[in-house]
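Here the structure is laid out as structure tokens; the discussion comes afterwards.
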Amino acid sequence: MKSVDAKLKPDHSAIRRVIRSIPPGCVASYGEVAERAGLPRRARLVARVLREAPPSAGLPWYRVLRANGRIAFPAGSRGFREQARHLAAEGVLVVGGRVDVAVHGWDRNLDAVLWAPAPRRKKTTITRRSPRTRG
DNA sequence: GCCCTGACGTGAA
DNA sequence: ATTCACGCCAGGG
């Protein structure tokens, strides 16, 4: 029963609760999760909870990233690939092991909309690579 | 207890 | 953009 663990490690259960509440298609940083769990500056504890959490816990662990939007696992590692795969499956674009938090950030994504970033279309959108491509 | 480690964060250089 | 040093603190030895 979870209640048992909740009594022994309230912090852990609070953290798991927050992680469970991250909406699909969104991501949150370790620090953000900690803060929402009422444990400011306890990012490392969040990491520990995730590491100890058995798959049976059914936590959307893959929605938790580093503050800079990068996957915490070493690039190319088993966990790294799995996380990237899960995120992609939810429509979260992962480029170079990194996610654009301004777009997929849990609450931050709303800000992005509210800030209404003037849709700037630069000519570089074409991303020409070689002058001789076009002659 | 003391020491080291870690799915982290942040400010400074 | 990168690297470094520190801060943080639960667990394991």
Side-chain angles (χ1 to χ4, degrees):
Chain A
M1 317 314 176
K2 51 189 174 185
S3 57
V4 177
D5 191 63
K7 290 209 167 197
L8 288 173
K9 314 210 165 200
D11 289 356
H12 289 218
S13 57
I15 288 171
R16 284 190 295 259
R17 187 163 56 249
V18 171
I19 293 175
R20 261 192 298 273
S21 66
I22 303 174
C26 290
V27 297
S29 72
Y30 292 82
E32 201 178 333
V33 170
E35 188 144 317
R36 273 177 174 262
L39 302 165
R41 279 174 279 315
R42 302 300 304 286
R44 290 194 105 132
L45 181 57
V46 174
R48 177 165 275 293
V49 169
L50 280 178
R51 186 165 67 81
E52 293 184 352
S56 56
L59 292 176
W61 57 272
Y62 49 86
R63 293 181 192 144
V64 184
L65 309 172
R66 283 200 175 183
N68 55 14
R70 310 227 3 210
I71 288 177
F73 291 112
S77 69
R78 173 73 189 310
F80 180 96
R81 290 194 302 273
E82 196 181 347
Q83 183 160 18
R85 187 168 56 67
H86 275 289
L87 288 172
E90 291 194 341
V92 178
L93 189 55
V94 183
V95 183
R98 184 144 98 242
V99 167
D100 188 341
V101 289
V103 174
H104 296 96
W106 192 352
D107 281 347
R108 220 158 347 213
N109 56 359
L110 290 182
D111 294 348
V113 176
L114 296 178
W115 275 81
R120 49 182 82 272
R121 38 211 167 286
K122 308 180 278 242
K123 52 186 176 182
T124 58
T125 300
I126 310 299
T127 52
R128 255 189 245 306
R129 309 187 40 94
S130 166
R132 76 192 235 350
T133 300
R134 188 64 199 61

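Proteins come first, then strands; the chains are lettered A, B, ... in the order of their sequence lines, and each starts at number 1. For clarity, every value in this text was computed on a predicted model and none was experimentally measured.
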Could you give the CD-to-P distance, from A:E82 to B:dA7, as a whole number of Å? 16 Å

Nucleotide nearest A:K9 (side chain, heavy atoms from C-beta), chosen from B:dA7, C:dG11, B:dG9: C:dG11

Taking every heavy atom of A:L65 against every heavy atom of A:Y30, the minimum-distance pair comes out as O-CD1, 3.0 Å

Between B:dT10 (C1') and A:R42 (CZ): distance, integer Å: 17 Å

Given atom CZ of A:R16 and atom C1' of B:dA7, what is their separation to the nearest angstrom? 16 Å

For the side chain of A:R66, counting heavy atoms from C-beta on, which of B:dC8, C:dC9, B:dT10 is nearest? B:dC8

Could you state the atom-to-atom distance from OH of A:Y62 to C1' of B:dA7 in whole Å? 16 Å

Do A:R16's NZ or CZ and the ring of A:W61 fall within the cation-pi criteria of under 6.0 Å and 45°? no

Whole-Å distance separating the OH atom of A:Y30 from the P atom of C:dG7: 23 Å

OP1 or OP2 of C:dC9 sitting under 4.0 Å from any side-chain N/O of A:H12? no

Regarding the side chain of A:R44, the nearest nucleotide among B:dA7, B:dG6, C:dC9 is B:dG6

What is the separation between atom NE2 on A:H86 and atom P on B:dA7, rounded to the nearest whole Å? 18 Å

On DNA chain B, nearest-nucleotide positions of A:S29 versus A:R48: which is more 5'? A:R48

Within a strict 4.5 Å, meaning less than it, do heavy atoms of the A:P23 and A:R63 side chains meet? no

At under 4.0 Å between heavy atoms, what does A:G31 touch on the DNA or RNA strands: base, sugar-phosphate, or nothing? sugar-phosphate

Given the C1' atoms of C:dG12 and B:dG1, what is the spacing between them in whole Å? 14 Å

Rounded to whole Å, please give me the gap between CG in A:L45 and P in B:dA7. 13 Å

Of A:E52 and A:R70, whose nearest nucleotide on DNA chain C comes first from the 5' end? A:R70

Tell me, do A:I19 and A:L50 make a side-chain contact under 4.5 Å, heavy atoms counted? yes

Separation of B:dC8 atom P from A:E32 atom CD, nearest Å, is 16 Å

Using a 4.0 Å heavy-atom cut-off, does A:R41 contact any base of the nucleic acid, only the sugar-phosphate backbone, or nothing at all? nothing

Work out which heavy atom in A:I22 is nearest to a heavy atom in A:A28; give both atom names and the distance. CD1-CB, 3.9 Å

